[in-house]
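Structure, as structure tokens:
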2 protein chains.
Amino acid sequence: MSHMGYSCLMALDRDHVLRSAAALLTRKSTATMDEVAKAAGISRATLHRHFAGRDALVRALEALGIAECEAALDRAHPEEGTATDGVRRLVREMQPAAGLLAFLYGESQLWEGERQNDGWQRLDSRIGALFQRGQQDGEFRIDLTPVWLTEALYGLTASCAWATMDGRVAARDFPTMVAELLLGGALRREES
Amino acid sequence: MSHMGYSCLMALDRDHVLRSAAALLTRKSTATMDEVAKAAGISRATLHRHFAGRDALVRALEALGIAECEAALDRAHPEEGTATDGVRRLVREMQPAAGLLAFLYGESQLWEGERQNDGWQRLDSRIGALFQRGQQDGEFRIDLTPVWLTEALYGLTASCAWATMDGRVAARDFPTMVAELLLGGALRREES
DNA sequence: CCGTGGTGAGACATTCATGTCTCACATGGG
DNA sequence: CCCATGTGAGACATGAATGTCTCACCACGG
């Protein structure tokens, strides 16, 4: 059983470690490799066998976050129905990834370098397309650019994840708070 | 001129150093003390004479950010006119502090500890009161709590500061993008 | 002219997270 | 039963940022 070392056990373990790390770093972004290992129930040595270093771990978490967002997009079917409902579905599906997203949002390591994951651009495109469709269909206002709306979606998601962890917002209200603010803003609608 | 060491020159220098540090750390939050000193045009030794350490520097920047936000609130007169216009004025006045705010937002050091600056609570109260007034006057919807609206204001401000630095949003559009999204959301208003 | 205080430059020790290595152990298959 | 593989524990070196210290210098006022 030598040549299959990475195929069965390691793959499962790796995913488990990755999710433990995500859960921990979401709460304490400065956690040390030792703490990450303990949180996953493995030793630092084994953690190193999975991820060459902290850098690699963060990169893997970045890939995980992107994958989860893309999965959320797949589940949300943003191209179906009204753009408004598409945004609501998207926010709902993104909630499980919100904490991880908030962590990645604050990892300067990912944004300062020249090289950055193409996944973000793919995500931006897909989300931006949703907002653009809403504008073309006359649902969304056109004085806020799709790029900014996309950025705002990330920002509100991260903010609400933070507020949820601090207890300032109830977790069950997350989809409403983010989607309703993003879509309708603070102003009351005129009774028509 | 021994006993007045901190009164004239040092005070001016300290403020200059603080603002240089804010400008640098806004762009590169991981800048080293050496880089901060160089950016301020002083040596690391002198930097240390102003701020006992990186921790103290960040704390001072926190106090500066809070002070600038409170000054923005003072200038905005949020209690006058409609709450809607109050929010617009507040966002406009907060723009100069947005970069610093975005930096502080990502400094886990400030939020993880037990002890945290009372200034944030004062700010939250004043901003929350503005949103609450809007709700009581029937301008704002009541299904989004003032606490969440306050959090969203911070989050959108930080997000837009980021987007501005990356060139995804023009600096001159900052007040519009933040205030209009926060107030009106992405949806078009019905023509009444 | 001289003394004082603030400064810059640099050497130095310290701390901490990280990366690397070895070795004993346990488990599971042949 | 024996061997191989993955693992945990720990020692060790490394590197970087930080905190501390000394000393020469310069400008200023007396």
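Sequence lines set the chain letters: A, B, ... in the order given, protein chains first and strands last, and positions in each chain run from 1. Predicted model only: the values in this text are computed from it and were never measured.
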Write down the distance between CZ (B/F51) and C1' (D/dT18), rounded to a whole number of angstrom.
17 Å
With a 4.0 Å cut-off on N to O distance, would you call B/R122 and B/E70 a salt bridge?
yes
Applying side-chain hydrogen bond (donor to acceptor under 3.5 Å, both in side chains) to B/E112 and not counting sequence neighbours gives none
Can you give me the closest heavy-atom contact between B/L130 and B/P78, atom names plus distance?
CD1-O, 3.4 Å
Taking pairs as Watson-Crick (N1-N3 plus N6-O4 or O6-N4) or G-U wobble (N1-O2 and O6-N3), each distance under 3.5 Å, the stems of three or more consecutive pairs with DNA chain C are C:1-30 with D:1-30
Counterpart residues, side-chain hydrogen bond (donor to acceptor under 3.5 Å, both in side chains), relative to A/Q132 (two or more places apart):
none
Atom CG in A/L47, atom CE in A/M33: separation rounded to 0.5 Å?
4.5 Å
Any Lys/Arg nitrogen of B/D143 or A/R188 sitting under 4.0 Å from an Asp/Glu carboxylate oxygen of the other?
no
Taking NZ, NE, NH1 and NH2 as the nitrogens, is one of them in B/D13 or B/R49 under 4.0 Å from a carboxylate oxygen of the other?
no
Going by the angle between their ring planes, with limits at 30° and 60°, are A/W120 and A/Y154 parallel, tilted or perpendicular?
perpendicular
B/E68 with B/R19: basic N within carboxylate O range, under 4.0 Å
yes
Rounded off to whole Å, could you give me the NE2-to-C1' distance for the B/H50 and D/dT20 pair?
17 Å
The contact string for nucleotides 12-19 of chain C, one letter per nucleotide 5' to 3', using protein heavy atoms under 4.0 Å with B, S and - for base, sugar-phosphate only and none, comes out as -----SBB
Any Lys/Arg nitrogen of A/K28 or A/E35 sitting under 4.0 Å from an Asp/Glu carboxylate oxygen of the other?
yes
A/Q121 atom CD, over 12 foreign heavy atoms within 6.0 Å:
no
Interatomic distance where CG belongs to B/L47 and C1' belongs to D/dA17 [whole Å]:
13 Å
Please walk me through it: do B/R59 and B/E107 pass salt bridge (Lys or Arg N to Asp or Glu O under 4.0 Å)?
CA-CA 10 Å; B/R59 292 288 176 184; B/E107 277 306 282; over 6 Å; no
Please work out which residues in residues 19-27 of chain B have a non-hydrogen atom less than 4.0 Å from an atom of DNA chain C and list them by number.
none
Identify each atom pair where a protein N or O and an N or O of nucleotides 22-27 of chain D are less than 3.5 Å apart, giving names and distance.
none

Please state whether the phosphate of C/dT7, meaning OP1 or OP2, lies under 4.0 angstrom from any side-chain nitrogen or oxygen of B/T46.
no
Once the angle between the rings of B/Y105 and A/W162 is folded into 0 to 90°, is it parallel (under 30°), tilted (30 to 60°) or perpendicular (over 60°)?
tilted
